[in-house]
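Note sheet for the following structure.
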Amino acid sequence: MLVLLCDLDAPSGKTYLSCIKMALQDFYASHAHFNTRLVLHTRNSNQTVVGAAAAALDLIKNVQVQAILGPVTSMQASFVVNLGDEAHVPVVSFSASSPSLASLRSPYFFRVTQTDSYQVKAISSIVKNFGWRQVVPIYVDNTFGEGVITFLVDALQEVDAHVPYRSVIPPSATDEQIEKELYKLMTMQTRVFIVHMMPHLCSKLFAMANKIGMMSEGYVWITTNGAGNHLRSLGPVVLSSMQGVLGVETEVPTTMELTEFKVRWKRQFQQDNPAIIDVYMDVNGLWAYDAAFALALAAEQVGDTSFGFQERNGSFSSTDLDTFKVSQYGPKLAQALSNTRFKGIAGDFSLDCGQLQSSRFQILNVNGDGVRTIAFWTPENGVVKTLSSTNTSILSTSEKCDFGPIIWPGDSLSVPKGWEIPTSGKKLKIGVPVKVGFTEFVKFIPFENPDGTSAGTYNDLVYQVYLEKYDAVVGDTTIRANRSLYVDFTMPYTESGVVMVVPIRDNRRKCPWVFLKPLTWDLWLTTFCFFIFIGFVVWVLEHRINEDFRGPPSHQVGTSFWFSFSTMVFSHRERVVSNLARFLMIIWVFVVLVLTQSYTANLASLLTVEQLQPTVTDIKDLLRNGDNVGYIENTYVCEILKQLGFDNSKLKPIKTMEECDEALSKGSAKGGIAAVVDEIPNMKLFVAKYCSKYTMIGFSETFPLVPDLSRAVLNVTEGEKIMNIENKWFSQESKCEDKSTAPRVSSNSLGLESFWGLFLIAGMASILALIIFLASFLYKHRHVLKQSDSRASKWRQVRAMFEIFNDKDISSHTFKSSQQRDGIGGVGDEVKASPNSNWPESPFSYLDHTDKDFVLSEGQQTPSTTSHASPEIVPKSELDIITVQEIHTNPVTDRLA
C-alpha cells in the first residue's frame, strides 16, 4: 500500500494527487502483465507539522502502509522521516528541498527533488557576472529558509561577494512586520537582495517593497527556485509588483511525452476540479509523477513477498512511538528504489544516496505580464545564453557570462551598481587631521583640541576609528603595517609612498673645453680616423691622374689630409676627376653634413638650454655629509629617518610649504635643510608651487594592502630589511646607477652608437672604391707580372708596379690636352734611349705604351723580337740580361716625364 501525505485542500495538493494518480494509471496501463499493484491512500496534513506527523503515525501503526509519498514541506519531512526510519518505511518526498534534511542520514528517506544547495552556484554566477560585492539574503524563518543560507553564503564568498546582513521574515509575518524589515534594509548601503521563500510569502514581500519604493531603479532582486519555479503561474497583479526581478527556475527538457502529458493532465484535472481555473503544474508535480512511477517499478522488482510488520525486540513502553512495529517489506523496497533508473517526465531519474541529482536552471526576468528566459545555468559550463537543440549548453567565449536583455527594477536597462548611499540612514562621523600646511587633502570633522590645535599624531587619529569615535578617517593617512592591525584601509585615492625633495641647480657647461662635449670620445676618435682614411683613399684614386694630388711626398700627404679635413667645413678647393673618387665624396660629404649639423645642435643646447640637476641624488649622501633633513610635523616619516641612521639633531620639523621653501633655500650649512622627506601627495603640491627650484627624488615605495600578506610586506618595506635585500641582490652585482633614487638625467653627448650606420656606409664605399681601382690597375698592367717566375724577377716586377703606381697616368684624359700643348707624344710616340746610359732603356719605360711589348728573362735565354719595333728603340733581341745585382748597381735613369 502507498499513501500520499500532503495538503489536499490547497490547489498544489490537488495538483500533486492528480499527477500521482495519472502516474499509476499510465504505469499499469503499459505494464499490465506486472504482478504487483500499488494501492493509493491519502491523508491531509492540513499544512501543519503536527497534522503531517499525526497522519504518518496513524498510517504506519494502524494501516501499516509500505511507503509514504510526501510530505510536501521540509518542516513536515523532518519529523515524518524519523517515523519512517523507526518503522523501516520508505519516505519519498518530491518537494522537501531543504539541505538540512541530508543531516538525518536515513536510509529510508528518498528525495525526488533538487536540494536547494544545487542552485546557489547559479545565483553566485549572476552576482559575479555583474560585479556586485555585497548581497543581503531575505529568507523565511523556518527549516526551508535556514537550510540553504550557509551554502549560499559560502558560494557568494567564492566570488568575492560578502553578506553584511541577513534578513529573516517569519512564516506568518504581517504586512507591518514586513514593512518594518524593508525599511531597515533601506537604511543600508546594499541594494542587492536574494529572496528565499515560498510564493505566498514572496508575493506579500514584493507588494510591500513596491509600495515603499524598493522596486525602483538601483535595486536588484533575485529569487531562488522556491518562488522561481512558480513565477509562470503568478497572476498579473502579483507580477506587477515584481517588475525587474530575476528568478532561478529548475529547467525541465521539453519533450513530446512531456507536452502530451501536460495536455492530458490539464484535461483530467479540470474534470476532477471544475472549480479551479487556470491551474499551473510546476516541476514538483512532474517529480511527483516520476516518484510514483519509480515506486511502482521498485515494488515490482521486490515482488509479492511478506507485507507484514513485526514487533520491535525489547519494547515494553506503552507510548505510540515506542510500540512501532517494524516493516519486513520496507528494507527491500528501499534497496530496489535506490537502484531504479528510467527516463521520466522531468528528465533522467536516478538517485544517488537517496538524492535526485542536479540538473540545469533557467534564469528568468519578470517583465510586463510574464517572464522571459535570459540565460541558462549548467553544472558543466555555468551561465550560458542558449542551449543547443540537444539541450546541451553552448559555452560563451567571453570573459563575462552572456545574458539576454534584462529589464531591471524601475524599467532601467542599466546594470545597477549594487549599492547606494542611504539618504535616511545614520550620518557617518568622518575624522580628518588638523594641519597648518598642506590642507588640500582634508575635509569634514577635524581631529583637534578645544583650542583648535591637533589632538595627536596620525596614529592617534587612526586609532579613533578603532575606538568607534569616528566611523572613518579621510585624508593623507598612509597605509602602514601597525595601523592595519586595528583598522581597514581602502585603496589610496592618490599615489602613496615617500619621496625626497631637494634643490636643483643649473649645470650648463662653462669650461673652456665645452666644445668637445657634444660628441663622445669614441665618436671623436672614429671621426678623426675616418678623415685620415678618406684622405688616403682619395689620394690613391686621384694622384696618378690629378695634378692637385701630385708633387713631393710631403706635399701629397699634406694635400690629402687638407682635402679630407676641409670637407668638414666644405672649404676644399681641390677637384676630383675620377668617378670612383666622386662617388666616394658624395657619400662622405653627406656623412660630414650629418655630423656637423648634429654637433652644432648639441653644442647650442649645451650652451643655451638649462641643465637642471638635483643637488643630492641619494639619501645616503645626506647621512655621509651630516646634512640637516626636514620632515612634515606629526608624520611617521621622522621614525623612518631615525631608522635610517639620522641623528635627532639633524631632523628639522616643517609645518608649512613656505617654511619648507625658506629652509631649503638656506641650505644645511646656514641652519636650513639640504632636503625634505615626506609623502608623495604633499611633495607633489610643494614641487608644483616651487617647480623652478626643487625636484623629487624617489625614496621608497608603498604596496597596496591585502590583509595579512600586505601587512607583512609593509613591515619589510618600512624597515631596513628591504634596503638590505636591495643591496644584496642589486648593488653588489651591478655598477649601474640606481634609477629609483637618482634623477633620470641623460647624457648630452652624442655617441658612436647614433652614427655607426653612416660610418659603415662610408667605410664600405671606400673599400669598394679601392677594390675596383686595384682590380682595374692590376688588369691594365697584368703583362708586367707575367714576364718571369724567378724570385729576382718577381721583386723587380713589384718594384716596377709601385713605380708605375707612383707615376702619372699620361694615358688619362686629364693629361692629353697639356701634352698636346707641350709637344709631347702620346701613347703611340716613340721613346729614345738615354744617350748617357751604357744600358739599354729600362723596359719599365714602355709600360705606359700599350703598343710596345717586351720580355724579361733570366739565365742565357734569347729574348724574343718584336717585328714592329721602331728603329730608334732598342729591339728586344738586343736587350741584355739584367741580374738582381745589376738592378741595384745600375738603376734605370731614363724615365718618361
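Count residues from 1 along the sequence.
Within a 6.0 Å sphere centred on OH of Tyr466, heavy atoms belonging to other residues, nucleotides or ligands number 12 at most.
Using a 3.5 Å distance cut-off with no hydrogens or angles, the side chains of Ser350 and Gln357 do not pair a donor with an acceptor. In this structure, a donor-acceptor pair under 3.5 Å is present between the side chains of Asp85 and Ser106.
In this structure, Tyr16 has its ring center no closer than 6.0 Å to that of Trp287. In this structure, Tyr280 has its ring center at least 6.0 angstrom away from the ring center of His230.
With sequence neighbours left out, the salt bridge (Lys or Arg N to Asp or Glu O under 4.0 Å) criterion links Glu158 to Lys121.
Note on ring orientation: taking the six-membered ring where Trp is involved, the planes of Phe361 and Trp377 are tilted (angle from 30° to 60°). Aromatic ring orientation, Phe193 versus Trp221: tilted (interplanar angle from 30° to 60°). Ring planes of Tyr463 and Tyr486: perpendicular class, angle over 60° (limits at 30 and 60°).
Not one N or O on the side chain of Ser74 forms a donor-acceptor pair closer than 3.5 Å with the backbone of Thr143. A donor-acceptor pair under 3.5 Å is formed between the side chain of Thr378 and the backbone N or O of Asn381. A donor-acceptor contact shorter than 3.5 Å is absent between the side chain of Thr373 and the backbone of Ala375.
Between Leu286 and Val252 there is a side-chain heavy-atom pair separated by less than 4.5 Å.
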I would like to know whether Asn229 and Asn284 meet side chain to side chain donor-acceptor pair (under 3.5 Å); could you show each step before the answer?
-> CA-CA 9 Å; Asn229 287 341; Asn284 295 110; 4.9 Å; no

